[in-house]
Amino acid sequence: TQSTNKEKGRTMRRIGRKIFILSAAIAAGLSTQARAELTIAYQFTGNGNWSIDGVGGNTTPVGTVQATVPVGATVEKAFLYSSLYSLTGPITAPSVTLEGTTYSGASWTSLGSYQPQPGPNPNFWLGAFRTDVTSKVSTLAGGGSASLFNWTVNSETPTTVVDGEVLAIVYSLPSEMTRTIAFLDGYSTSSGDITTVNFTDPLTAAQLLDPSLLSLGI
């Protein structure tokens with residue numbers, strides 16, 4: 001997205017109760033050194049579930065990210081992702097404020113940057129970053145809620161080149177079924193590529209047809 005007039009809107013939504021989740025910041029995480037590779041940023045196995053949502057816009061505040069954290073749940077891990085582009089040279093970390101807390105500079109882990117070649121603009125770069133917001137989200141969620149949480153992304157700098165943010169959460173809850181949930185970050189080529197996920201026990205044909213068993217949040 002090269003337009004400086006990004007439409008504000010929710011880009012990702014929680015996709016229900018699943019047994020295995022691949023949450024890949026593929027479109028955001030770009031790297032010439034790790035082409036078509038995904039690496040595990042975090043993995044959870046136990047009684048629990050996940051929540052994911054995104055927002056982008058040039059307004060201040062940027063918008064609201066929603067989160068599902070049920071009553072009695074414990075936030076095990078929460079990541080805030082940010083993707084951006086540059087028309088003037090290499091990507092640098094943004095400054096993003098979530099519910100009054102600002103994340104900038106060394107707060108972010110770079111997921112890599114990529115300069116498409118060939119291209120109409122030799123200075124066009126894409127890049128993405130991730131920061132751990134587990135402590136912040138745990139405080140915001142408290143003991144959980146029966147309804148959705150709505151948290152404000154107060155600002156993003158430089159807003160004209162930030163495509164938006166994604167908040168990805170894993171929580172544990174004894175009443176949930178046992179699941180394996182993995183966040184994978186990396187790069188996907190625009191022409192398509194293949195990522196393989198190996199299970200300890202192969203899935204049967206019937207299990208592969210079960211929509212409650214496997215899901216992807218991309």
Side-chain angles (χ1 to χ4, degrees), residues 1-2 4 6 11-12 22-35 37-44 50-65 67 69 74-116 123-141 149 151-171 181-188 217-218:
T1 302
Q2 298 186 39
T4 58
K6 305 185 300 296
T11 59
M12 306 180 75
L22 170 64
S23 175
I26 299 176
L30 304 165
S31 172
T32 55
Q33 289 77 32
R35 294 181 66 87
E37 292 183 2
L38 296 175
T39 57
I40 295 178
Y42 173 75
Q43 183 168 309
F44 166 88
W50 69 305
S51 174
I52 186 169
D53 196 24
V55 67
N58 283 337
T59 57
T60 301
V62 177
T64 300
V65 285
V69 183
T74 299
V75 175
E76 298 289 337
K77 183 63 70 174
F79 287 128
L80 183 67
Y81 291 87
S82 184
S83 66
L84 59 161
Y85 64 93
S86 172
L87 299 177
T88 59
I91 298 293
T92 57
S95 176
V96 178
T97 301
L98 172 66
E99 283 290 320
T101 299
T102 299
Y103 303 91
S104 61
S107 299
W108 296 96
T109 297
S110 174
L111 303 182
S113 61
Y114 175 62
Q115 185 179 25
N123 293 318
F124 178 58
W125 288 74
L126 299 171
F129 295 84
R130 179 190 72 234
T131 186
D132 191 318
V133 293
T134 306
S135 177
K136 177 70 175 182
V137 170
S138 296
T139 300
L140 291 173
F149 288 99
W151 296 323
T152 301
V153 177
N154 306 99
S155 64
E156 55 184 18
T157 304
T159 185
T160 55
V161 298
V162 176
D163 283 325
E165 285 71 43
V166 168
L167 179 63
I169 302 169
V170 174
Y171 61 83
I181 304 169
F183 292 158
L184 283 77
D185 301 329
Y187 176 93
S188 181
I218 302 175

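Ring orientation note: the planes of Y42 and F183 are tilted relative to one another, at an angle of 30° to 60°. Note on ring orientation: taking the six-membered ring where Trp is involved, the planes of Y85 and F124 are tilted (angle from 30° to 60°).
Each of L80, I52, L98 was scored for a side chain to side chain contact (heavy atoms under 4.5 Å, CB included) with V65, with one residue passing: L98. The side chain to side chain contact (heavy atoms under 4.5 Å, CB included) with K77 is formed by just one residue from the set V137, I181, D132, V133; it is D132.
Of all non-hydrogen atoms in V55 and G63, the two that sit nearest each other are CG2-CA, 3.9 Å. Nearest heavy atoms, T131 versus S107: OG1-O, 2.8 Å.
Checked by atom type and distance alone, the side chain of T139 pairs as donor or acceptor with a backbone atom of S135 at under 3.5 Å. In this structure a side-chain-to-backbone donor-acceptor pair under 3.5 Å is missing from T157 to T159. For the pair W125 (side chain) and S113 (backbone), a donor-acceptor distance under 3.5 Å is absent. Although no hydrogens or angles enter the test, the distance criterion places no donor-acceptor pair under 3.5 Å between the side chain of S83 and the main chain of D163. Of the possible donor and acceptor atoms, one in the side chain of S86 sits under 3.5 Å from a partner among the backbone N and O of T88. Judged by distance alone, with hydrogens and angles left aside, the side-chain atoms of N154 form a donor-acceptor pair with the main-chain N or O of G100 at under 3.5 Å. No donor-acceptor pair closer than 3.5 Å links the side chain of W50 to the backbone N or O of Y171.
Residues satisfying the side-chain contact (heavy atoms from CB on, under 4.5 Å) test with S138, not counting sequence neighbours, are V75, T134.
Within the model, atoms CG of L111 and OH of Y81 stand 7.0 Å from one another, a figure rounded to the nearest 0.5 Å. Going from atom CD of E156 over to atom OG1 of T102 covers 12.5 Å, rounded to the nearest 0.5 Å. With rounding to the nearest 0.5 Å, the separation of OG1 in T101 from NZ in K136 is 3.0 Å. Here CZ of F129 is found 8.0 Å from OG of S82. Values are rounded to the nearest 0.5 Å. Taken from CD1 in I169 to CG in D53, the straight-line distance is 9.0 Å, to the nearest 0.5 Å.
Side chains of S95 and S104: no donor on one and acceptor on the other come within 3.5 Å.
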side-chain contact (heavy atoms from CB on, under 4.5 Å) evaluation trace for D185 with F79: CA-CA 11 Å; D185 301 329; F79 287 128; 6.0 Å; no
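Contact check for T64 versus W151: no side-chain heavy atoms found under the 4.5 Å cut-off. The shortest distance between side-chain heavy atoms of L84 and I91 falls below 4.5 Å. With a 4.5 Å cut-off on side-chain heavy atoms, W108 and V96 count as touching.
Annotation: salt bridge (Lys or Arg N to Asp or Glu O under 4.0 Å) contacts involving residues 81-105, sequence neighbours excluded, are absent.
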